[in-house]
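Positions are given from 1 along the sequence. Whatever order the structure lists ligands and atoms in, that order sets their numbers, starting from 1.
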Amino acid sequence: MTKSVVVAAPRGYCAGVDRAVVTVEKALDLYGPPVYVRKQIVHNKHVVEDLEQRGAVFVEELAEVPEGATVVFSAHGVSPAVHAEAASRHLKTIDATCPLVTKVHHEAKRFASQGQQILLIGHAGHEEVEGTMGEAPEQTILVEHPDDVAGVEVEDPSRVAWLSQTTLSVDETWETVSKLREKFPLLIDPPSDDICYATQNRQSAVKQIASNADLVIVVGSKNSSNSVRLVEVALESGAKAAHRVDNAGEIDPAWLEGVERVGVTSGASVPDALVQGVLDHLQTHGFPAAVEERLTEENLTFALPPELRKDLKQRTGR
Ligand code: 10G
Ligand code: SF4
């Protein structure tokens, strides 16, 4: 049996996650602990635990933040109602919403101001969906799955547009959109893709390694939508088995029995050290060193939130 391990690239941190994590780190340096963060800054257990140890305090709602304190909004975005609540409680806010999520918020506002009804493709209860829906709650209908299209009722079929969460399955979203367009032929598209470059690249990269794999291991937390999608995409692309783990310690020895070809990747909120931990684990269990299969390069970076940059500049004089 010739064993092999292929690790996909791109994988791991996207530009929006990197910016959000650095935002909390810099805020801790600049203002000192505690720095409050509304919701998990990104959906990764290890990132959250690490920042907690450095003095970040994660809260579910703004009511838990003391009057006048500093609070960071997570990368997934918040609704205008949350901004208004923060202002009314005199909180100092730093908005770490990914600029690519903000772009979708702008699209929602623009469609709503044109009198369009918005069909938002996404998952109920996910923070990004709550934030985007909050831009035009009266005019937005959530569509979770292609099978839900049959039950969608709109006020005027000639005034409908669709938008989506940034971390969905590309293939399933196109299925939903084509069903929506069959039902509403005048459906308006967003000006550019809402599913972001990082989601698309990680799904395309896992497809490449999955078709030939007996097992695909996806590193990511269970509430990380994009990580969970990678497991589904791996299975749909031909992997014989695919599992998500938070870290190497969660690998079940039974998964490795009789397995020759292993693929490894990680979601957009996952530090690469955790992937390295999985590769090391495989090596100690009889597998060779991993070979990377890279689909494309990623060079995108985002500037830190302006409110933080302003304070950093005042501190450093630069
Ligand atoms: O995949 P989701 O949206 O659950 O988030 P994540 O924190 O695991 O990954 C980064 C993606 C975002 C911040 C959503 S734009
Ligand atoms: Fe931004 Fe995409 Fe990363 Fe979300 S997954 S934070 S939209 S780059």
Side-chain angles (χ1 to χ4, degrees), residues 10-24 37-51 56 58 72-79 82 94-108 120-135 142 144 163-170 172-173 190 192-206 218-233 244-247 265-272 274-275 296-305:
R11 63 177 180 277
Y13 271 22
C14 59
V17 164
D18 188 55
R19 171 184 188 255
V21 173
V22 172
T23 294
V24 179
V37 184
R38 181 184 177 277
K39 310 280 184 188
Q40 291 191 337
I41 186 72
V42 297
H43 291 153
N44 186 270
K45 176 173 138 42
H46 295 276
V47 171
V48 168
E49 283 170 5
D50 178 58
L51 291 171
F58 291 89
V72 179
F73 292 146
S74 83
H76 313 90
V78 293
S79 70
V82 173
I94 299 173
D95 189 357
T97 302
C98 175
L100 300 180
V101 174
T102 304
K103 184 196 81 168
V104 182
H105 282 231
H106 288 317
E107 288 164 359
L120 175 66
I121 305 171
H123 299 295
H126 190 285
E127 280 134 39
E128 183 185 336
V129 163
E130 287 178 352
T132 307
M133 282 195 95
E135 292 291 351
L142 185 63
E144 287 200 81
L163 293 175
S164 86
Q165 196 177 331
T166 57
T167 52
L168 301 181
S169 151
V170 174
E172 188 180 291
T173 303
S192 59
D193 286 349
D194 287 342
I195 299 184
C196 77
Y197 79 98
T199 301
Q200 297 193 25
N201 286 346
R202 281 151 192 68
Q203 287 176 19
S204 301
V206 82
V218 176
V219 188
S221 287
K222 65 169 175 284
N223 61 340
S224 169
S225 167
N226 78 89
S227 305
V228 174
R229 300 289 84 77
L230 291 175
V231 176
E232 295 167 0
V233 170
R244 182 202 56 77
V245 294
D246 253 305
N247 54 55
T265 190
S266 60
S269 48
V270 180
D272 216 45
L274 298 170
V275 174
T296 184
E297 297 288 340
E298 289 180 344
N299 304 310
L300 187 66
T301 55
F302 294 125
L304 291 172

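- Salt-bridge annotation for Asp272 and Arg11: present, with a side-chain N of the basic residue lying under 4.0 Å from a carboxylate O of the acidic one.
- Within the protein, the number of N, O or S atoms lying under 2.8 Å from atom 2 (Fe) of ligand 2 is 1.
- The side chain to side chain donor-acceptor pair (under 3.5 Å) check on Gln203 picks up nothing, with sequence neighbours excluded.
- Taking the charged nitrogens against the carboxylate oxygens, Glu127 and Arg38 have no contact shorter than 4.0 Å, which rules out a salt bridge.
- With Glu298 contributing its side chain and Cys14 its backbone, the two residues share no donor-acceptor pair below 3.5 Å.
- Counted by atom type alone, Thr166 and Glu128 present one or more donor-acceptor pairs between their side chains at under 3.5 Å.
- Residue Ser224 touches ligand 1 through backbone and side chain together, judged by heavy-atom distances below 4.0 Å.
- Rounded to the nearest 0.5 Å, atoms CG (Asn44) and CG (Leu51) are 10.0 Å apart.
- Judged purely by atom type and a 3.5 angstrom limit, Asn226 uses its side chain to pair as donor or acceptor with the backbone of Ala268.
- When non-hydrogen atoms are compared, ligand 1 lies under 4.0 Å from neither the backbone nor the side chain of Asn44.
- Counting protein heavy atoms only, atom 3 (O) of ligand 1 is closest to His126 NE2, 3.0 Å.
- On a distance-only criterion, Glu128 and ligand 1 share no N/O pair closer than 3.5 Å.
- Of all protein heavy atoms, the one lying nearest to atom 10 (C) of ligand 1 is Val17 CG2, 3.4 Å.
- Remark: the backbone N or O of Lys45 is paired with a side-chain donor or acceptor of Ser221 at under 3.5 angstrom.
- In terms of protein heavy atoms, atom 9 (O) of ligand 1 is closest to Asn226 ND2, 3.0 Å.
- Using a 4.0 Å cut-off to heavy atoms of Thr166, the atoms of ligand 1 that qualify are 15 (S).
- In Thr167, the part holding a heavy atom less than 4.0 Å from any atom of ligand 1 is the side chain.
- Listed for the Arg244 side chain is a donor-acceptor partner under 3.5 Å among the backbone atoms of Gly220.
- Between atom CZ of residue Arg202 and atom OG of residue Ser266 there is a gap of 7.5 Å, rounded to the nearest 0.5 Å.
- For the ligand labelled ligand 1, residue Gln40 lies outside the 4.0 Å heavy-atom shell.
- Not a single heavy atom of Leu100 lies less than 4.0 angstrom from ligand 1.
- Contact check for Ser79 versus Val82: side-chain heavy atoms found under the 4.5 Å cut-off.
- Among the atoms of Gln165, none of the N or O lies under 3.5 angstrom from an N or O of ligand 1.
- Protein heavy atom in closest approach to atom 12 (C) of ligand 1: His76 CD2, 3.5 Å.
- A donor-acceptor pair shorter than 3.5 Å can be found between the side chains of Asp95 and Thr97.
- Considering both main-chain and side-chain atoms, Ser225 comes within under 3.5 Å of ligand 1 through a nitrogen or oxygen pair.
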